[in-house]
Amino acid sequence: MKLITAIIKPFKLDEVRQAVTDLGIQGVTVTEVQGFGRQRGHKELYRGAEYRVDFVPKTKVELAVDDSVWEQVVEAIANVARTGKVGDGKIFVLGLPQVLRVRTGETGPDAI
Amino acid sequence: MKLITAIIKPFKLDEVRQAVTDLGIQGVTVTEVQGFGRQRGHKELYRGAEYRVDFVPKTKVELAVDDSVWEQVVEAIANVARTGKVGDGKIFVLGLPQVLRVRTGETGPDAI
Amino acid sequence: MKLITAIIKPFKLDEVRQAVTDLGIQGVTVTEVQGFGRQRGHKELYRGAEYRVDFVPKTKVELAVDDSVWEQVVEAIANVARTGKVGDGKIFVLGLPQVLRVRTGETGPDAI
Amino acid sequence: MKLPTLAQSSSSGSALRRIASALGLLAVSFAPLALAGTPPTPDKGDTAWMMTSTLLVILMTIPGLALFYGGMVRSKNVLSVLMQVFIIFCLATVLWVIYGYSVAFTAGNEFFGSFDKLFLKGVDSTTLAATFSKGVYIPEYVYVVFQGTFAAITPCLIVGAFAERMKFGAILVFILLWFTFAYLPVAHMVWYWDGPDAYTDATTAATALSHGGYLFQLGALDFAGGTVVHINAGIAGLIGALMVGKRLGYGTAAMPPHNLPLVMIGASLLWVGWFGFNVGSNLESNGFAGQVFLNTVLATAVATLVWTLIEWAVRGTPTMLGAASGAVAGLVAITPACGWVGPMGALAIGAAAGVVCLWAVTWLKHKLKYDDSLDVFGVHCIGGILGAILTGVFADPALGGAGFYDWVTMEVAPYDMTAQVIIQAKAVGVTLLWSGLVSLVAFKLIDLTIGLRASEETEREGLDTAEHGERAYG
Amino acid sequence: MKLPTLAQSSSSGSALRRIASALGLLAVSFAPLALAGTPPTPDKGDTAWMMTSTLLVILMTIPGLALFYGGMVRSKNVLSVLMQVFIIFCLATVLWVIYGYSVAFTAGNEFFGSFDKLFLKGVDSTTLAATFSKGVYIPEYVYVVFQGTFAAITPCLIVGAFAERMKFGAILVFILLWFTFAYLPVAHMVWYWDGPDAYTDATTAATALSHGGYLFQLGALDFAGGTVVHINAGIAGLIGALMVGKRLGYGTAAMPPHNLPLVMIGASLLWVGWFGFNVGSNLESNGFAGQVFLNTVLATAVATLVWTLIEWAVRGTPTMLGAASGAVAGLVAITPACGWVGPMGALAIGAAAGVVCLWAVTWLKHKLKYDDSLDVFGVHCIGGILGAILTGVFADPALGGAGFYDWVTMEVAPYDMTAQVIIQAKAVGVTLLWSGLVSLVAFKLIDLTIGLRASEETEREGLDTAEHGERAYG
Amino acid sequence: MKLPTLAQSSSSGSALRRIASALGLLAVSFAPLALAGTPPTPDKGDTAWMMTSTLLVILMTIPGLALFYGGMVRSKNVLSVLMQVFIIFCLATVLWVIYGYSVAFTAGNEFFGSFDKLFLKGVDSTTLAATFSKGVYIPEYVYVVFQGTFAAITPCLIVGAFAERMKFGAILVFILLWFTFAYLPVAHMVWYWDGPDAYTDATTAATALSHGGYLFQLGALDFAGGTVVHINAGIAGLIGALMVGKRLGYGTAAMPPHNLPLVMIGASLLWVGWFGFNVGSNLESNGFAGQVFLNTVLATAVATLVWTLIEWAVRGTPTMLGAASGAVAGLVAITPACGWVGPMGALAIGAAAGVVCLWAVTWLKHKLKYDDSLDVFGVHCIGGILGAILTGVFADPALGGAGFYDWVTMEVAPYDMTAQVIIQAKAVGVTLLWSGLVSLVAFKLIDLTIGLRASEETEREGLDTAEHGERAYG
Ligand SMILES: Nc1ncnc2c1ncn2[C@@H]1O[C@H](COP(=O)(O)OP(=O)(O)O)[C@@H](O)[C@H]1O
Ligand SMILES: Nc1ncnc2c1ncn2[C@@H]1O[C@H](COP(=O)(O)OP(=O)(O)O)[C@@H](O)[C@H]1O
Ligand SMILES: Nc1ncnc2c1ncn2[C@@H]1O[C@H](COP(=O)(O)OP(=O)(O)O)[C@@H](O)[C@H]1O
């Protein structure tokens, strides 16, 4: 199994969720994160003090998927998350030796 | 070493923390996340516009543990986090080649 | 490639970001988390009910880096994040078989 | 109604032998009212102050009380609390106009008024309501709406006791019943009287007295609502908390307030609005109103300091929630007393409230093991009882109080502190019993029919999304 | 200005044959004013109430309206909304003193006043403004600043319609144009008159009438601003929403309010402040003011209950946003009516507002597919139209209304409901057309020059950081 | 006390030759007061307005100022700020009643009053306080509590300067000292006088004048507290910020406001409440009050616009924090002037405040490198100084100001602008010196005993959990 972690632009979340659901993925876990990268942040002004904010709001989507589909899933996410503008994000793929579903105690691919 | 990531129902956090502490685990890192899965979300109504909210609040617990105890830990978490109802969550186990404790510079199992 | 996850004290974030930027790292992803560990939390008092809060605010920094630099990066982070007081945090290093840059579709080290 | 025709409505007050609210103005207002002559013209300053007071009581309720309560619950339930307060305020306001005012503030028996002013029949922009000075009246509409805000905030106070777990529908049905069978009669018992112009000599005074509510006739003192508002609501809250049961996880899981700045805004608006509540109860904008104002600010400030200092001394941390709670405790305790005591009495009552209410929400609640989510009983009921009793003490002219005013001789009468404290205790007891019983029956009926408690899933998920289909913070 | 010299300024009102605002006081105020004698001294109670009312309208705007709107947008845009309201309030206040008061409230033609009081020339702490009672005046400065708050809140209402996407600069330019060419003339048309003392016999009455604004002469009733404020602003908002286009993602992405407790605070402060708006429009602190007060609280309470109950029945969840929206709908609808109808009329108008505005923001908006972000059209314009029409109905003395007052005979005149409803409809039509046209031209001009809409990146990022360089929550 | 017995208390004012606050009413109030006759009856409209003003100042403080400050700090310190404001308000209120009122507002020497009214001895609901019109009085209790709110808000202003790092205990001890040795004497110096009825001819005028406070005798003008409140508090804040040192990370780490909507609510409530502050200082509800009201709204609106426009022009982003800061700057600057200048003077003062305070919090603060967390010095002290000086300029009748009123001849006296500006500058200097010195000594003493600064861990963790045992957002 693979654990796919995608850092995307927040307004793309719904499309990404839809895309992976269409591939039969039944679950994802989502976290609000701050990204620092090539995409510029913005400046903020508080009573004359100007701050550069380098961090940009991003959304992290994590999915455990079966080895058979991970490439498809990565591709699908990349396709819908792409705007072509800087800051579109990254997808990381990690090997995932073991998964357990808490409710049933199932493990391995059945647990996803 | 293993990095265990458990997605659980938020109100189970205290019990989970207690359970792993009882096994001698000295640290965990916790993140608020949103989960999408078999568990249904709810609908929301704003001036006649009805939205389906598919995401459910979940808590992510991450623990780095020694190879010797990871199975025990996973089992303990699963036991206390289980309600038997849909949405109880998942536990992911990743291999963790290296750990470092910032304060002391220790690495490997000593650093956990 | 490696995925480095550093749990640090929040007020160290700027210095850590600066340190890894100095090493040529172009991106990081940051999450607010709650840490439980050797560092004591605090007590809270609400109308006579006293709660022990075991969780301490921490910041999680994630970076995908090339195999050639990961040790340098870990060291750099550890150096600037260290205060010598309990609660300085941990650094986890995971193997990262695959990375993809959404904007361009690049994969592997080029995508970082 | 046996009031003279020119004063087409009677008015509420506190007690027969009530102190003239502005001794300095008595010479002016003493002029015997020519009953068959032209109606008195309300003073525009009084009217301005009473309208200001009325909107202040609204400010106390929405947003004041709502935020005070809403900030204290968990974020998944904040909207449910705001909603309960908002809707109950609206509901009670409408009921007030339909039958509430008539049942509370027309002559009837000692417990209920009549249906003579259903739908405000006979009330218009020219009818008048009596004040506490002879010959001084205010427009009846202003009186109707001022008293209406009291009738609206009181049931809102109750919901804090069983916050985070009771069904919205059950709450509304309970309020309907409680408003009708507890608020209206207690208001009538305490505040209904014929007004000062009815007291001209011993005979008329006796007749007038016999028209008053039960506790009014008893001679109970309650300037702005210690019994009618706080004890009344506080005991209802306790009964509710006991009957619906504790929140899931109560005692084991931490349930800290989700937004203490909201609590602080709420407490501050309660304080600001309370000047309408207390000083408005004077019905006139005069020097005595200034005394009520001063008492209100003083008792509150002292109670806040005392509560905070005890926390600091005993627990090591003076908390914002403690300060806000102390303020509300002080406000509650000074409510029945504010027009009867001097500033030094107010200081004493405030200090006592800080100690006693802190004791009630920590020691007593812990001891009795009820889950009164937002301490309605500990603050409003206990604070109200304390205030009611101490009113009997500090109203004594020997302690700087105002004593009793004899409307016939137009002089302050001799004061018997022990006797008065006993009367006050009786009034407390009657209110506790009456409201407690009505609440018990009402909650029982609802439990047996539509049910009181939200389902476990609803409670876990939070009432906001489950019952109201909304999230507070998007 | 053809007013008698002693009353150095004229005053605004609602309609020629307006009901005396305090029938009970007429005997007192009837004494014919010796035109060449000493100027009347304003009653300090009236002045106190009018100053209170003025600050209440400010409370309605900042923070009230700002929070109500700010809580409803997404968190990335909340500051932009707060900022728009805050700055427009300031801008309009300054313009009001420079030329607004003069153009709206001096004699001129039927649509515009004159430049006689530019920079408040001739106004000082001794000049007076008429009320609705003969011989009763208030200080002109108080009148200037009271009316100034109306001129300031009205443009603020508009911005909700195109929140989250219009450029800050474009909004300010629009407001400058709209304030000048829509607000001022509509205020003049509806509210400018010579004051009651100008009506002594048929001849003077005819002359006085001919000085009034266009809709005033028509006989349109608008006590506190149904046409001038709500319809006027509501239609401008709709035009703006149509011309700037829908928000990115509208209809597909969820855009729930980011902070409903803020919305609730805002709605509550709107309600509390609205007593200044409505009751202040009575210009006197008397029994009639009490009626206006009662009407305002009643209509609002009923509208809230009705909106919430329909949601509950139809959708299963009574929402806090629904309750807050219902309250505002009730407030809007009672605004033109509050001084003309009885309490039962207020109940009816409130109930109608709850139904109709809910219909407008759900069914109608969905049908017509415009993106009025915060339902300025659905609540303010539709609610204002409903209120304006129903004022014609429930002002009828046969339905408990106040009817028309003949300032010459000093009696209530016969009332023709059908005729009045037609007049009301005309006033609605004129306002819709006038404000709609001004808005259309103004938005078009701005679009062609500096542009209306923020860039896509700005809109995605949020206006707060992109346009104002700030984040709401740190 | 050498006041006539009927007016059992004297009153505060601004300056000997003060303009009658309602010129139009002079004919009415001129009637010489029969000193041995019946006491004057306070007008109920005045009393209503003064009670409203009093609660408005409370609204300014809690929640207004608390939220304005609380929103600007980081979320880990918000409760500490709310708590400081809340508790200081309570503490000062209690001290005021115990000895504050007596020390500030009874006759003594030029710097301190007496202990004659300790615990409000001799004050009751019938005693009166003078206003600025001969023969017009208000209830003394109302005056006590109105002035009490000034004494309570002023120390609260100070804490913003050293927010996020000073110990709670140290702050309370400082406030106790500063209240006693800086606030009370400065208030006495500026505002204590014998009241207008003491000025009947040249001899009585000279005697009366000799009873006044030091700066009053000098002829300094301060209508509502430029020196007493803003300069006084502002310089104390600066000294505190310097003595406690900069916050950890100041200058390197970003410390943006954690909740700008809270800041906006706070600023708005400050504005609304400030009408009580400024207009209440008129002590009467008359036409002149209307002028003060108008000045207050105008100066604030202009200052907001100017601050925002400069930011927009220079930095590219008009910010909400800038708008809120501009509003407060305008309010501060108009405070001493509001009763002395005309509307055009108010516009000018507002515009100047927008420019100068923006300069102070950006350029000056940057240059001098002090860490005044919430710009108490830049806004309150600098704004107060600007206002005090410009009061001397725009009080000139030639510039539309009110000039000086001669209480003996009952006419406006000739005005010498240069001389007055010098007097104003002297008053500024005296206040800076006095309050600065008291602060220096007090902070030093505390530093040497219990210590001023929280530990590094406490500061890093945040004062909320470390000192108060609470988290703001759960
Ligand atoms: N090396 C990295 N490690 C972890 N996260 C990264 C890394 N590089 C980029 N990111 C994440 O991806 C986001 C987008 O990256 P950025 O460089 O801005 O644009 P792009 O991916 O289009 O080149 C960043 O905001 C950050 O959250
Ligand atoms: N494939 C997955 N990858 C990542 N997270 C998942 C996955 N499936 C489920 N989850 C997480 O687990 C939570 C519970 O899953 P759900 O399907 O609702 O119930 P259950 O685990 O009882 O079958 C989800 O809300 C989501 O956070
Ligand atoms: N075994 C662990 N697994 C995951 N996170 C851990 C673990 N141990 C510690 N942490 C994280 O590191 C933080 C610091 O750990 P702590 O034990 O308090 O101090 P130190 O690292 O200095 O020994 C914790 O708050 C927690 O977030």
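In what follows, chains carry the letters A, B, and so on, assigned in the order in which the sequence lines appear, proteins first and then strands, with residues in each chain numbered from 1.
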Q) Which atoms of B:Thr107 come close to chain C, meaning under 4.5 Å heavy atom to heavy atom: side chain ones, backbone ones, both, or neither? A) neither
Q: Output the distance between atom CD (C:Gln39) and atom CZ (B:Arg103), rounded to the nearest 0.5 Å.
A: 9.5 Å
Q | Per-residue contact mode, C:Lys90 against chain B (heavy atom under 4.5 angstrom) | A | both
(Q) Counting heavy-atom pairs under 4.5 Å with chain B, which one of C:Val33, C:Asn79, C:Thr5 comes out on top? (A) C:Val33
Q. What part of B:Leu3 lies closer than 4.5 angstrom to a heavy atom of chain C: side chain, backbone, both or neither?
A. side chain
**Q.** Heavy-atom proximity to chain B below 4.5 Å, by part of C:Glu32
**A.** backbone
Q) Knowing that exactly one of C:Ile4, C:Ile112, C:Val73 qualifies, which makes a side chain to side chain contact (heavy atoms under 4.5 Å, CB included) with C:Ile25? A) C:Val73
Q.
Could you check whether any side-chain N or O of B:Thr83 sits under 3.5 Å from a backbone N or O of B:Lys85, counting only pairs where one atom can act as donor and the other as acceptor?
A. yes
**Q.** C:Arg52 side-chain N/O to C:Gly41 backbone N/O, donor-acceptor pair under 3.5 Å
**A.** yes
Q | Any donor-acceptor pair under 3.5 Å from C:Asp54 side chain to C:Phe36 backbone | A | no
Q | Validation row: B:Lys2, B:Leu96 side chains within 4.5 angstrom (heavy atoms) | A | no
Q.
To the nearest 0.5 Å, what is the distance between NZ on C:Lys58 and CG on C:Leu13?
A. 13.0 Å
(Q) Checking side-chain polar atoms at under 3.5 Å, does B:Gln18 have a donor or acceptor matched by the opposite partner on B:Asp14? (A) no
Q. Counting a contact as any heavy-atom pair under 4.5 Å apart, which residues of residues 59-69 of chain B contact chain C?
A. B:Lys60, B:Glu62, B:Ala64
Q. Has the side chain of C:Asp110 got a donor or acceptor atom that lies under 3.5 Å from a matching backbone atom of C:Glu106?
A. no
Q. Given a strict heavy-atom distance threshold of 4.5 Å, which part of C:Val86 is in contact with chain B: side chain, backbone, both, or neither?
A. both
